[in-house]
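Have a look at the structure below, then the notes.
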Amino acid sequence: MAFNPLFAFVNTLVPDLLKENKRMDGREFNSMRSIDLKILSDFGVQISFGQTVIVARVSAEVVEPLPHRPFSGFFKTSLKTLGSNTDLRQEVNSVIQTVMRQSRLLNLDSLCVSVGQSVYEVVLNVVIVQDDGNCFDAAILAASCAMACFRLPDGNPLNIQNLPVGVTFATLESDGDPLLLLDPTSEELAACSGAITVAVNEYREVCSIFQPGGVLLGVDALKNVIEMALTASKSYLEVIASVSEK
Amino acid sequence: MNSIEKFTPAGLRIDGRRPKEFRIPEFEMGFTALPEIDGSVRYRQGGTVIEACVTGPSERQRRTEVFDMHTDLIINIELASFSQTTLLDRNIARGVAQSHISNLKSTLKSVLILSQPHSQITIDILVIQEDGALVAAMLNACILALIDAGVPMKDLLVATSVLRFSQNPLMENGVFVDPIVSEENNACFLTLAYLPNLKVVSATFLQGRLPVQEITKPTHGLIDTAVHACQQLYEIFKTELEKRAAQTQQFTL
């Protein structure tokens with residue numbers, strides 16, 4: 001990677017602006033970009049946060065269950081990026097796995113068609129089309145919206161009530177508590193030391209916390225971030241609610 | 001799923017521990033005699049056995065980021081195929097190991113002082129046996145190996161895992177510290193990396209679904225339990241390291 005003078009300039013510009021309580025695109029610290037939702041064919045959903053575009057699609061097919069679990073269906077997730085950013089792919093993949101699969105959202109027993117013979121295998125495919133920061137939130141929101149509007153081959157919706165949304169803050173070291181930027185763009189992420197993603201649902205349950213290092217948060221600051229995430233999640237949850245109504 | 005009893009009739013956990021009791025780690029630093037390895041540790045925490053070797057800081061091998069003024073951190077993890085109760089397929093072992101690398105890298109980058117340009121530090125981790133709290137044990141093993149290699153760091157990072165399962169008839173608040181694999185099924189699981197002297201949290205990974213007050217409530221919530229366990233673990237590490245320093249007189253704390 002050759003020396004990029006624009007990159008170096010942005011790296012000094014962003015912290016300078018932040019000291020004056022300003023962000024590059026003029027937003028408040030705790031306001032997010034506008035969310036654009038598009039419903040595609042075959043139970044697909046495209047979510048855009050500014051220039052970040054993510055597409056998620058859910059599909060199901062009938063398979064045989066495992067012999068020792070004749071009631072249980074299967075739920076798989078897969079992530080693709082257009083481009084070869086493996087670090088990003090690893091992280092978003094692990095966040096999606098944690099939020100969608102390990103929080104046991106989908107009751108696998110509800111995917112049973114006939115005991116011991118056929119069950120549904122539900123597959124969630126997520127594609128990062130364009131990355132301008134905050135792929136985590138967009139990917140989780142796209143996945144949740146896709147799950148909300150999906151219908152199984154027999155016409156029923158999936159048996160889920162508590163779809164999660166992710167809230168990401170970029171964190172920058174400062175004299176007091178670290179500064180928190182909601183819904184960071186890729187320039188802000190590059191200039192900040194780290195980020196924390198909290199996934200919550202509408203029942204005030206936390207599905208995942210992902211803070212892989214980067215900035216050092218005090219214990220109270222960490223608890224504060226979780227509370228802020230709960231407040232900020234309301235606008236994302238409204239998007240899911242609007243999809244479920246359709 | 002299946003309802004394995006989490007408690008014995010005496011009210012203890014299935015391996016005989018009390019809920020907030022963690023397995024005391026034993027470690028052997030500098031176990032390898034290979035001259036090219038700068039620091040190494042064989043780390044054992046109950047059934048979890050990990051070997052970590054550190055080489056560096058040495059000359060940077062990758063020529064791609066010429067203008068990067070920081071030390072490059074390279075982590076390789078290998079999961080032995082016999083490390084879990086069932087034999088692991090090679091590809092699955094590699095996939096699981098890959099998924100931990102980027103998390104470990106970010107966590108260690110936040111605590112190590114990596115300011116030497118054009119250099120790199122390589123950490124090779126071999127997981128010989130895995131019995132719960134893998135990420136926390138890998139972080140602890142890495143930090144001890146880095147101390148053995150003499151790499152500067154902001155504080156002694158300590159990591160623990162705590163777990164909460166939903167039904168809890170007996171023990172208070174249902175929080176287990178340092179779970180084993182059979183306790184990890186179907187539970188909400190938090191791994192926390194803590195810097196005890198700076199009193200800050202370096203990394204947090206939570207999976208599972210839990211009401212927010214169970215995580216943030218004081219003293220008995222997951223975060224406070226993990227921080228408390230990290231502080232106790234730090235005292236254990238500190239005493240051991242001070243003992244070794246007195247014996248070898250190689251470094252001071």
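Nothing here was measured: the structure is a model prediction, and the numbers come from that model. Proteins get letters first, then strands, A, B, ... in listed order; numbering begins at 1 in each.
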When only heavy atoms count and the cut-off is under 4.5 Å, which of residues 230-237 of chain A reach chain B?
-> A/Leu230
For the pair B/Lys199 and A/Asp220, find out whether any cationic side-chain nitrogen is under 4.0 Å from an anionic carboxylate oxygen.
-> no
Which bit of B/Tyr194 is near chain A, if near means a heavy-atom gap under 4.5 Å: side chain, backbone, both or neither?
-> side chain
All heavy atoms of B/Pro218 vs all of A/Lys223, minimum pair found to be CA-NZ, 4.3 Å
Hey, could you give me the CD1/CD1 distance between A/Ile209 and B/Ile215, rounded to the nearest 0.5 Å?
-> 5.0 Å
Please collect all ring pair (Phe, Tyr, Trp, His ring centres under 6.0 Å) contacts where either partner lies in residues 201-231 of chain A, sequence neighbours excluded, each pair once.
-> A/Phe136-A/Phe210, A/Phe210-B/Phe205
Taking every heavy atom of A/Gly214 against every heavy atom of B/Ser110, the minimum-distance pair comes out as N-CB, 3.2 Å
More than 12 foreign heavy atoms under 6.0 Å from CZ of A/Phe71: is that the case here?
-> no
Of the backbone (N, CA, C, O) and the side chain (C-beta and beyond), which part of B/Leu195 lies under 4.5 Å from a heavy atom of chain A, both, or neither?
-> side chain
Which answer fits A/Asn201, side chain, backbone, both or neither, if we ask what part of it has an atom under 4.5 Å from a heavy atom of chain B?
-> side chain
For chain A, which of B/Ile223, B/Thr107, B/Thr204 has the most heavy-atom pairs under 4.5 Å?
-> B/Thr204
Should B/Leu210 and A/Val206 count as side-chain neighbours, where that means a heavy-atom distance under 4.5 Å?
-> no
Highest number of heavy-atom pairs under 4.5 Å with chain A among B/Ala193, B/Ser99, B/Gly208 belongs to B/Gly208
What heavy-atom pair brings B/Ser102 and A/Gln90 nearest, and what distance separates the two atoms?
-> OG-CB, 4.0 Å
Tell me, do A/Gln211 and B/Ser106 make a side-chain contact under 4.5 Å, heavy atoms counted?
-> no
Are any side-chain N or O atoms of B/Arg209 and backbone N or O atoms of A/Arg104, one a donor and one an acceptor, separated by less than 3.5 Å?
-> yes
Which atoms of A/Leu222 come close to chain B, meaning under 4.5 Å heavy atom to heavy atom: side chain ones, backbone ones, both, or neither?
-> side chain
Contacts of A/Ser144 that satisfy side-chain hydrogen bond (donor to acceptor under 3.5 Å, both in side chains) - sequence neighbours left out = none
Determine which residues belonging to residues 92-102 of chain A lie within contact range of chain B, meaning some heavy atom pair is under 4.5 Å apart, and list them by number or answer 'none'.
-> A/Thr98, A/Gln102
Please name the pair of heavy atoms, one in A/Leu216 and one in B/Lys154, separated by the smallest distance, quoted to 0.1 Å.
-> CD1-CD, 4.4 Å
For chain B, the option from A/Ile196, A/Asn162, A/Val200, A/Leu105 that forms the most heavy-atom pairs under 4.5 Å = A/Asn162
Nearest heavy-atom contact between A/Pro212 and B/Ala203 is C-CB, 4.2 Å
In this structure, are over 12 heavy atoms from other groups packed under 6.0 Å from B/Gln231 atom CD?
-> yes
Name the member of B/Leu190, B/Leu108, B/Val212 that forms the most heavy-atom pairs with chain A at distances under 4.5 Å.
-> B/Val212
